[in-house]
There are 2 protein chains.
Amino acid sequence: MTITNAPAPRASGATSSVAPGTRVAVSTVIFTLRRSAGQERASVALPLVRRQSDPHEGQWALPGGWLDIVEDLDAAASRTLAETTGLAPSYLEQLYAFGAVDRSPTRVVSIVYWALIRPDEMADTSDENVRWFDADDLPNLAFDHNQIVAYALWRLRNKVGYSQIAHGLLADEFTLAELREVYESILRRKLDPANFRRQVEGTDTLLPTDRFRKGSHRPARLYRFNQDVELADRGPLGVRP
Amino acid sequence: MTITNAPAPRASGATSSVAPGTRVAVSTVIFTLRRSAGQERASVALPLVRRQSDPHEGQWALPGGWLDIVEDLDAAASRTLAETTGLAPSYLEQLYAFGAVDRSPTRVVSIVYWALIRPDEMADTSDENVRWFDADDLPNLAFDHNQIVAYALWRLRNKVGYSQIAHGLLADEFTLAELREVYESILRRKLDPANFRRQVEGTDTLLPTDRFRKGSHRPARLYRFNQDVELADRGPLGVRP
DNA sequence: TCAAAAGTGTTGAGCTTACACCCATGC
DNA sequence: GCATGGGTGTAAGCTCAACACTTTTGA
């Protein structure tokens, strides 16, 4: 059954050979919600950085950088996010490792993360080389970054259906209508307020408060997220991002 | 809003700096089903390789190797699998990139895949340094490989519930009882044959054939997997593994 | 008083679960 | 015949979508 030309099996971590020339980068797809003027719903937006040097110079690309030799992967993603938005992520999760040979002129393996930040904390950078784009209306990006963003968007829209990540886009206290708007913006469709309320109240992820949001109509009760419930995917190692 | 000490944002792929000393390895968690003597159900098993050299010498580890500079990540995982089992995977998917600074004496980022192979194709290696273990009864492995296997097992058990990966453990033609046994072995619990039949027939993933499996009792109809249906996660790039 | 959003009630469709029951074959 | 697994029927319980309805506020 063993194929003929196979060398002897190797266990990973062996130091007998090296892989010269392969470099590791970390990039992050940072999502937030943004209400454009005239738009009925908020839409998913992300920051891009204009490339200053040779491969794809001038094109927009995901924020990222080289992995430091004494830096965990998560830390590198957080650093990327801080450098771009000046903020800590309210959610951070590894997306995928991209490593096709031809994705860059030189061999680069990119560990890509995706993150959420709250719209109210969104930095307004005065940097000309950082710009926020609607996720569904992107230009041609450098490298394979269009594919990467598409995959991250798919993960976001998929994961919102079975996890509590929507809370990563809201402040500490929020009304059910605000929570529903987050879902509607990500999923790009209306949700029934009555059924949404029951579904979300049926779980133990929300704690009602005694406060109410006053507006133009009947005040809405404010809720906060139940910290006891698993907020997010803590990854295979079970540590908080 | 921008934090003070942050350097200017960088776009990923910039060639201005490098990350010397970080090496990229690819490892694969290869699952199959194995019926141990005296066991009522089959159990999940995987091959491990005994380390021949310095870090953790003598301990068991996941099969893997260094990423070649002209080799895609998927290809490296397939190579790993071929070197260990002599077979092509019936399912192959990227699991996670592990890159904690202290997971190895030298800096190693491991791109880990997980794969399925059919029990009937399982190679009986005469290699003393390759052994198959029950996934739920592992020794202490090298590096963080125990955690990696635990995560891969979680993915397997989770994914079997909403995808068709169980077919990756069966031959071309199979009875519904055989398919059900795959689910029962992975999930480690009995399933109602009647309800299982209806659930799986309700989807369009199975094609009934005219052939029957004769045994000691009433012959059971043979089915084959509907190739038109998305067999598996094709990854963010939409290419078949 | 009226508009509009907050919040409740009700109903039917579809799915899951449990389990009774019939069918077809080897012995 | 009869034991055994293959395969069908059916009813209770649950979730979910649709939508009518009541409540509470600002203007």
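In what follows, every heavy atom counts, from backbone to side chain, and hydrogens, waters and symmetry copies are set aside. Note on naming: letters A, B, ... go to the chains in the order of the sequence lines (proteins, then strands), and numbering restarts at 1 for each one. Nothing here was measured: the structure is a model prediction, and the numbers come from that model.
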Peer 1: Regarding C:dA6, can its base be found pairing with the side chain of A:Arg218 as donor and acceptor, where the two atoms are less than 3.5 Å apart?
Peer 2: yes
Peer 1: Please report, rounded to the nearest Å, how far the P atom of D:dA18 is from the NZ atom of A:Lys190.
Peer 2: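 In whole Å, D:dA18 P and A:Lys190 NZ are 15 Å from each other.
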Peer 1: Side-chain N or O of A:Arg197 less than 4.0 angstrom from OP1 or OP2 on C:dG7?
Peer 2: yes
Peer 1: Whole Å only: how far is the CG atom of B:Leu176 from the C1' atom of C:dC23?
Peer 2: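 It is 16 Å, rounded to the nearest whole Å.
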Peer 1: Could you tell me the separation between the CD atom of A:Glu201 and the C1' atom of C:dG9, rounded to a whole number of Å?
Peer 2: 14 Å
Peer 1: Which part of the nucleic acid, if any, lies within contact of B:Ala194, taking any heavy atom under 4.0 Å across all strands shown: a base, the sugar-phosphate backbone alone, or nothing?
Peer 2: base
Peer 1: Closest to the B:Asp192 side chain: D:dG5, C:dA18, D:dG7?
Peer 2: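 The nucleotide sitting nearest to the side chain is C:dA18.
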Peer 1: Starting at OH of B:Tyr162 and ending at C1' of C:dC15, how long is that distance when rounded to a whole Å?
Peer 2: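 From B:Tyr162 OH to C:dC15 C1': 21 Å.
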Peer 1: Does either side chain, that of A:Glu181 or that of A:Tyr183, offer a donor lying less than 3.5 Å from an acceptor on the other one?
Peer 2: no
Peer 1: With no hydrogens and no angle check, just 3.5 Å: does a side-chain donor-acceptor pair link B:Asn195 and B:Arg198?
Peer 2: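 Indeed, the side chains of B:Asn195 and B:Arg198 share at least one donor-acceptor pair under 3.5 Å.
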Peer 1: So, does the side chain of A:Arg198 form a donor-acceptor pair with the base of C:dG9 at under 3.5 Å?
Peer 2: yes
Peer 1: Using whole Å, report how far NZ of A:Lys214 lies from C1' of C:dA5.
Peer 2: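 That distance rounds to 15 Å.
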Peer 1: NA contact type, B:Gly215, heavy-atom cut-off 4.0 Å: base, sugar-phosphate, or nothing?
Peer 2: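 The answer is sugar-phosphate, as B:Gly215 gets under 4.0 Å only of primed atoms, P, OP1 or OP2.
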Peer 1: Would you kindly give the CG-to-P distance between A:Asn195 and C:dG9, to the nearest whole Å?
Peer 2: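 For the pair A:Asn195 CG and C:dG9 P, the rounded distance is 14 Å.
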Peer 1: Under a 3.5 Å cutoff, is there a donor and acceptor pairing between the side chains of B:Ser110 and B:Arg103?
Peer 2: yes
Peer 1: Run the salt-bridge test on B:Glu40 and B:Lys190 with the 4.0 Å N-O cut-off and return the result as yes or no.
Peer 2: yes
Peer 1: Nearest-Å distance, CZ (A:Phe196) to P (C:dG7)?
Peer 2: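 In whole Å, C:dG7 P and A:Phe196 CZ are 13 Å from each other.
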Peer 1: Can you name the nearest heavy-atom pair linking B:Ser43 to B:Ser36, along with the distance?
Peer 2: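 Residues B:Ser43 and B:Ser36, closest heavy atoms: OG-OG, 4.3 Å.
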Peer 1: Taking the nucleotide of DNA chain C with the closest heavy atom to each, which residue, A:Arg180 or B:His217, is nearer the 5' end?
Peer 2: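 On the 5' side of the pair lies A:Arg180.
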Peer 1: Starting at atom CG of A:Leu222, determine the distance to atom P of C:dA6, rounded to an integer number of angstrom.
Peer 2: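 A:Leu222 atom CG is separated from C:dA6 atom P by 11 Å.
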Peer 1: So if I take every side-chain heavy atom of A:Gln199 and compare against C:dT25, D:dG6, D:dC16, which nucleotide ends up nearest?
Peer 2: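 For the A:Gln199 side chain, the nearest candidate turns out to be D:dC16.
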